[in-house]
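What follows is a short report on a single structure.
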Protein chains: 2
Amino acid sequence: MRLSTKAQYAVRAMVRLNLEQKDSPVSIREISTHENISLTYLEQLFAKLRRGKLVRSVRGPGGGYILARPAADIKVDQIIDSVEETLIPVSCMDEFGNCACSDQCVTHTVWQELGERIRGFLSSVSIEDLTNDARARIHRQREEQRKTE
Amino acid sequence: MRLSTKAQYAVRAMVRLNLEQKDSPVSIREISTHENISLTYLEQLFAKLRRGKLVRSVRGPGGGYILARPAADIKVDQIIDSVEETLIPVSCMDEFGNCACSDQCVTHTVWQELGERIRGFLSSVSIEDLTNDARARIHRQREEQRKTE
DNA sequence: GCATTCCTGAGCATTACTGTCAACTATTAA
DNA sequence: TTAATAGTTGACAGTAATGCTCAGGAATGC
């Protein structure tokens, strides 16, 4: 029951993009350095994020990526959808809860409800939330570092 | 974000065990037929369920497995734990929410909370619940079949 | 003792994941 | 126009996990 690193990377990259984004686009290289993710792999992920209309690309010198919408309007479940990771916990079921099993699954209900809870939670969390959270954590760590010095 | 079939099989097998269990033990063969799961594979799963103290085994002719506790006291998360599937969505985090990442994960919070929600939900669902649910579904299907005849 | 059932460990094919590589296209500064 | 920057695409390969089989062994009831 693990999220693929692809999905994790995508969320981290989006948060980082929002952290670094001021007025100008943020290059993939910058995100790669900060998050320690392979540059070529990030290219793949951002292609998908662009197709999912979560980011826009700016080409040419000084180019990079920018969020396509305000960070508060981008939810974690949308990011995961964009990189084509499913949030449905079993493979015999589609997104509407229909089950492909020939005879009735005796366990249908749990998985359906579980999927709904997972999506429900992830659709309630925005990039903005996570960015604020990250800022607070970075701040706290600096404070503690100062104390020990 | 898929549950392994191992975990799904284990839950289905437990529900089936409760469905078929009257006074005498239920053999793996019986469960295999009903749930259409390979017999030898089920043997592996039941070995783990036994180690997890969710079932007890009775050897010899007429033997099989019985639930180690009342069905209402066996929760789905315990079954999944027994077959060694994790409910933590990311690999850098342990069950207490401690993160192994060298620099701080900017996305730590979501995954931790998501994991807690998943476990919270699955620990609220018992084998008894699922069995009742399965009985109701079987009943409903029979009714509909009668109508179309 | 013999059939039935559980028990155990080794092994193996397939798939999915993670990432690299190489070539290409688009945009812009100079 | 040309060089530089940056994104775009598709093929592919190594690794790890998954899902499952097989071959035997051990306990038990009749």
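A note on names: the letters A, B, ... follow the listed sequences, proteins ahead of strands, and every chain is numbered from 1.
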d([atom1], [X]; [atom2], [N]) in whole Å:
| X | N | atom1 | atom2 | value |
| --- | --- | --- | --- | --- |
| A/Ile28 | C/dA26 | CD1 | P | 18 Å |
| A/Leu42 | C/dG19 | CG | C1' | 11 Å |
| B/Ile31 | C/dT5 | CD1 | C1' | 13 Å |
| A/Arg2 | C/dT18 | CZ | P | 11 Å |
| A/Asn36 | C/dT18 | CG | C1' | 15 Å |
| B/Arg29 | C/dC7 | CZ | C1' | 15 Å |
| B/Leu17 | C/dC6 | CG | P | 11 Å |
| B/Arg59 | C/dC6 | CZ | P | 10 Å |

So, [X] and [Y]: side-chain donor and acceptor under 3.5 Å apart, yes or no?
| X | Y | result |
| --- | --- | --- |
| B/Gln8 | B/Arg2 | no |
| B/His108 | B/Gln112 | yes |
| B/Thr131 | B/Arg16 | no |
| B/Arg50 | B/Ser82 | no |

Distance, nearest 0.5 Å, that separates [atom1] of [X] from [atom2] of [Y]:
| X | Y | atom1 | atom2 | value |
| --- | --- | --- | --- | --- |
| A/Leu45 | A/Ile28 | CG | CD1 | 8.5 Å |
| A/Gln44 | A/Tyr9 | CD | OH | 12.0 Å |
| A/Lys75 | A/Arg119 | NZ | CZ | 13.5 Å |
| B/Asp81 | B/Leu49 | CG | CG | 11.5 Å |

Within the structure shown, what part of the strands sits under 4.0 Å from [X] by heavy-atom distance: base, sugar-phosphate, or nothing?
| X | value |
| --- | --- |
| B/Ser4 | sugar-phosphate |
| B/Ser38 | sugar-phosphate |
| A/Phe46 | nothing |
| A/Arg51 | sugar-phosphate |

Legend entry - Transitive ILVMFWY side-chain link A/Leu19 to B/Trp111, under 4.5 Å: yes
Inset, instruction - Starting from the 5' end of DNA chain D, give me the residue, A/Met1 or A/Gly63, whose nearest nucleotide shows up first. - result: A/Gly63
Legend entry - Position toward the 5' end of DNA chain D (nearest nucleotide), B/Gly60 or B/Glu85: B/Glu85
Inset, instruction - Using a cut-off of strictly less than 4.0 Å, decide whether B/Arg50 has a side-chain nitrogen or oxygen near OP1 or OP2 of C/dC7. - result: yes
Inset, instruction - Give me the bend of the helix from C/dG1-D/dC30 to C/dA30-D/dT1, using the axes of the five pairs at each end, rounded to 10°. - result: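 That helix has its two terminal axes inclined by roughly 10°.
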Inset, instruction - Check if the side chain of B/Glu43 and the base of C/dC6 share a donor-acceptor pair of N or O atoms closer than 3.5 Å. - result: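 Side chain to base: no pair below 3.5 Å.
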Inset, instruction - May I ask you to verify whether the side chain of A/Gln44 and the base of C/dT20 hold a donor-acceptor pair under 3.5 Å? - result: yes
Inset, instruction - Looking only at side-chain atoms of B/Pro61, point me to the closest of C/dT20, C/dA3, C/dT18. - result: C/dA3
Inset, instruction - Would you grab the first and last nucleotide of DNA chain D (5' to 3') that comes under 4.0 Å of any non-hydrogen atom in chain B? - result: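 Extent of the interface on DNA chain D: D/dG19 to D/dG29.
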Inset, instruction - Select from B/Ala47 and A/Val58 the residue whose nearest nucleotide in DNA chain C is closer to the 5' end of that strand. - result: B/Ala47
Legend entry - Closest non-hydrogen atom pair between B/Val83 and B/Ala7, with its separation: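 Between these two residues, the closest heavy atoms are CG2-CA, 4.0 Å.
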